[in-house]
There are 2 protein chains.
Amino acid sequence: MTETFPRSPDAKPPTMIDVARRAGVGLGTVSRVVNGGAGVRAETADRVRAAIDELGFQRNEVARALRPGKKSSSLALVLGDLTNPFFATIAKASLEVAGQSGFAVVLGSVDEDPEGEKRAIQELIGRQVAGLMIVPDQSDHSFLVSAGVPVVFVDRPAHGIDADIVMVDNEAGGKVATDHLLRQGHRRVAILLAPSYYTTGRRLRGYRRAHREAGVPVDESLVVLLPEGTAEEAEKATRRLMDQADPPTALFASTNFVTEGVLRGLGDNTQPAVVGFDDFRMADMLPTPVTVVASDIADLGRTAAHLLLARAAGTDTRPPQRIVLPAVLIQRGSGERPPV
Amino acid sequence: MTETFPRSPDAKPPTMIDVARRAGVGLGTVSRVVNGGAGVRAETADRVRAAIDELGFQRNEVARALRPGKKSSSLALVLGDLTNPFFATIAKASLEVAGQSGFAVVLGSVDEDPEGEKRAIQELIGRQVAGLMIVPDQSDHSFLVSAGVPVVFVDRPAHGIDADIVMVDNEAGGKVATDHLLRQGHRRVAILLAPSYYTTGRRLRGYRRAHREAGVPVDESLVVLLPEGTAEEAEKATRRLMDQADPPTALFASTNFVTEGVLRGLGDNTQPAVVGFDDFRMADMLPTPVTVVASDIADLGRTAAHLLLARAAGTDTRPPQRIVLPAVLIQRGSGERPPV
DNA sequence: CTGTTAGCGCTTTCAT
DNA sequence: ATGAAAGCGCTAACAG
């Protein structure tokens with residue numbers, strides 16, 4: 001009895017009114033039943049439910065969300081490249097948390113262009129999302145101040161607005177990684193930074209502080225700010241570093257893609273020590289297992305989602321929070337090579 | 001002059017009526033301007049635009065989508081684990097395509113439970129998405145027939161409904177991989193399958209066909225159906241395989257996670273040849289670079305999104321399409337080891 | 001307990 | 001060219 005092709009798109013789906021007529025009750029009663037059925041006689045409710053099944057009725061969430069106050073039950077997630085496991089992990093985690101509360105997650109498509117993010121965000125706000133989780137770029141986000149929607153920033157704070165932020169302890173991470181290298185006697189530790197103003201700055205800060213406290217001067221030629229945070233750029237930069245007169249004996253890569261590039265750039269050269277920021281799948285399977293400074297990225301996403309949900313529900317009215325997750329060193333081999 | 005905290009959540013955003021009052025025009029005029037401004041005197045339009053800027057007005061997409069026919073400009077994407085690069089790639093690609101057409105993408109949270117997918121899909125339909133892209137599980141999807149929304153399945157077809165499907169040539173891929181191994185003289189080729197009824201079945205079919213055509217009998221003890229498609233299960237299964245009396249000299253892993261597990265299970269044993277299905281980041285960086293059968297996964301996502309957009313727009317009214325993308329062998333080393 | 005009614009913000013005729 | 005008015009499907013008073 002099952003049809004085998006989708007119903008023609010113009011066939012209008014049944015509404016509550018259809019259900020009401022079918023069940024011989026009022027519109028309000030149907031609404032009550034659909035929303036839990038409190039205050040409706042069991043018998044009536046059954047009749048309504050029967051009608052719902054027969055008609056295949058499904059509540060129109062859009063109309064429901066039109067009601068003022070009743071913000072749509074969806075959150076927006078704005079981030080860069082889903083192909084980056086770092087972002088994918090955040091997405092998955094926040095999706096799970098949102099789903100548990102009956103919220104869907106709308107993904108804003110963020111192209112590369114600088115205007116893309118703002119456009120995407122405004123688009124999303126127009127869709128009446130109940131809240132936004134944003135992994136912001138460097139641009140000004142003050143336009144969000146008057147958006148009337150709760151916002152939680154993830155991984156890095158945004159300019160022009162004081163809102164909740166959930167992130168990793170970048171400076172401590174940078175410090176731990178560098179300490180580890182210096183402690184083993186390395187004196188020429190290079191750092192390769194992806195161009196993300198904030199995290200980059202903090203990680204570099206940790207790197208410098210480690211040097212200062214160890215009494216080791218920083219050779220500025222070993223501080224490399226990549227033009228792009230890709231493996232390709234990191235690979236090129238690594239080659240250049242190793243080709244110079246006095247090459248580093250250790251390299252600190254500031255993101256997972258950069259780590260990949262560094263390893264590629266090093267090729268068969270198994271001399272220099274390498275520590276990466278952010279763990280990645282199969283880091284332990286590479287020829288020399290990769291030592292990293294890692295955080296619980298899924299927790300980053302989960303925490304952000306929980307916080308946003310609480311803000312959206314109005315449950316949480318504290319001033320903007322700043323949640324910082326720890327970063328720990330995971331020794332696997334590449335970071336434990338002694339200096340030459 | 002910029003405030004530094006988000007506006008209190010109860011501050012209602014300005015509506016078109018506010019704009020109309022402010023500009024001293026009628027509601028309809030504002031609507032016209034917002035939608036391109038055709039048929040409005042330039043001078044009037046300017047006044048309206050000025051009011052829009054001053055008030056920071058933003059069209060309420062929800063109210064807009066309430067209009068019948070005017071399907072919301074968002075597509076739904078329902079898939080499993082975003083943490084799997086395979087799915088993440090699909091998500092990213094479809095997101096880009098959708099974004100170019102001004103569509104947002106809503107992600108359904110698909111938990112592990114079998115009912116999860118159906119619930120998520122119905123939720124999404126209730127949100128009036130213009131179309132659905134689904135990487136379906138094995139359950140029955142006939143309930144979508146009467147949903148009145150175009151659906152495109154990705155990676156595998158669904159039961160109970162004849163809709164568009166974009167996928168990889170699984171059988172050819174299985175054949176190519178197995179051929180490659182047999183051609184090098186391997187006679188004991190194991191295949192490790194993740195439990196996904198369809199792709200698994202096709203890949204296995206290719207495996208069998210390759211054996212048949214080569215006149216090599218299949219040892220059924222080498223056909224392993226994993227209880228779960230995780231690296232852990234694949235690792236355990238690989239250990240078991242290699243521990244048996246007459247172990248295989250080659251292994252064919254049916255997904256990227258399975259490939260990872262196989263490599264882990266093999267550990268230092270660098271004897272057996274390995275071919276994986278689906279390429280993955282850093283496959284070329286492992287101790288022995290990994291030979292894989294790969295397809296353009298991003299293209300899978302892109303194609304699905306394009307098709308869905310056309311269906312949603314009513315532009316494409318062809319009968320359900322079945323688009324199959326090729327799978328090619330990428331030789332990197334692990335698959336070129338000779339039999340012992 | 002249940003039916004009726006008034007909007008939510010917008011698009012879209014239909015007059016003017 | 002522009003204003004007025006009728007809903008879209010639903011929720012939330014308000015009556016009965």
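Order of the sequence lines fixes the chain letters, A, B, ..., with proteins taken first and strands second; residue numbering starts at 1 for each chain. Being a predicted model, the structure only gives us computed values, none of them experimental.
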Can you tabulate the close N/O pairs, meaning under 3.5 Å, that link protein atoms to atoms of nucleotides 4-7 of chain D?
residue: D:dG7; atom: N2; partner: B:R67; partner atom: NE; Å: 3.1
residue: D:dG7; atom: N2; partner: B:R67; partner atom: NH2; Å: 2.4
residue: D:dG7; atom: N3; partner: B:R67; partner atom: NH2; Å: 2.8

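- Following rounding to the nearest Å, A:I17 (CD1) and D:dC8 (P) show an atom-to-atom distance of 7 Å.
- Between A:I90 atom CD1 and A:K92 atom NZ the span is 13.5 Å, to the nearest 0.5 Å.
- Whole-Å rounding puts the A:M16 CE to D:dG9 C1' distance at 8 Å.
- Partners of B:T29 by side chain to side chain donor-acceptor pair (under 3.5 Å), not counting sequence neighbours: none found.
- Checking D:dG3, C:dG9, D:dT11 against every side-chain atom of B:T15, the shortest atom distance belongs to C:dG9.
- In this entry the distance linking CZ of A:R21 with C1' of C:dG3 reads 15 Å, nearest Å.
- A straight line from CD of B:E61 to C1' of D:dC8 spans 16 Å, rounded to a whole angstrom.
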Which pairs of donor and acceptor atoms, one on a side chain in residues 34-42 of chain B, lie under 3.5 Å apart (sequence neighbours left out)?
residue: B:N35; atom: OD1; partner: B:R59; partner atom: NH1; Å: 2.8
residue: B:N35; atom: OD1; partner: B:R64; partner atom: NH1; Å: 3.1
residue: B:N35; atom: ND2; partner: B:S31; partner atom: O; Å: 2.7
residue: B:N35; atom: ND2; partner: B:S31; partner atom: OG; Å: 3.4

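- Atom CG of B:L308 and atom CD1 of B:I134 lie 9.5 Å apart (nearest 0.5 Å).
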*asked:* I'd like to know whether B:V166 forms a side-chain contact (heavy atoms from CB on, under 4.5 Å) with B:D155, so could you lay out the CA-CA distance, the side-chain angles of the two residues, the decisive distance to 0.1 Å, and finally the verdict.
replied: CA-CA 6 Å; B:V166 184; B:D155 189 46; over 6 Å; no
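- Summarising the geometry, the separation between CD on B:Q58 and P on C:dC10 is reported as 10 Å, rounded to the nearest angstrom.
- When heavy atoms are screened at a 4.0 angstrom cut-off, B:V30 is found touching no nucleic acid atom at all.
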*For B:R127 and B:S74, what are the C-alpha separation, side-chain angles and deciding distance, and is it a side chain to side chain donor-acceptor pair (under 3.5 Å)?*
CA-CA 9 Å; B:R127 287 165 196 277; B:S74 39; over 6 Å; no
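- Taking only side-chain nitrogens and oxygens, B:N60 never comes nearer than 4.0 Å to OP1 or OP2 of C:dC8.
- Residues of residues 37-54 of chain B that place a heavy atom closer than 4.0 Å to DNA chain D, in numerical order, are B:G39, B:V40, B:R41, B:T44.
- For the helix from C:dC1-D:dG16 to C:dT16-D:dA1, the terminal axes (five pairs an end, C1' atoms, rotation from four pairs onto the next four) enclose an angle of 40°, given to 10 degrees.
- With rounding to whole Å, A:D18 atom CG is found 13 Å from D:dC10 atom C1'.
- If you measure from atom CG of A:L66 to atom C1' of C:dC8, you get 4 Å, rounded to the nearest angstrom.
- Annotation: side chain of A:V25 is in contact with side chain of A:T44 (closest heavy-atom distance under 4.5 Å).
- Separating the CD atom in B:Q58 from the CD atom in A:E123 is a distance of 8.5 Å, to the nearest 0.5 Å.
- Contact annotation for A:V25: backbone-only contact, meaning every heavy-atom pair under 4.0 Å involves sugar-phosphate atoms and none involves a base.
- Using bins of under 30°, 30° to 60° and over 60° for the plane-to-plane angle, the ring pair A:H159/A:Y197 lands in the tilted bin.
- Residues forming a side chain to side chain donor-acceptor pair (under 3.5 Å) with B:T199 (at least two apart in sequence, or on another chain): B:S196.
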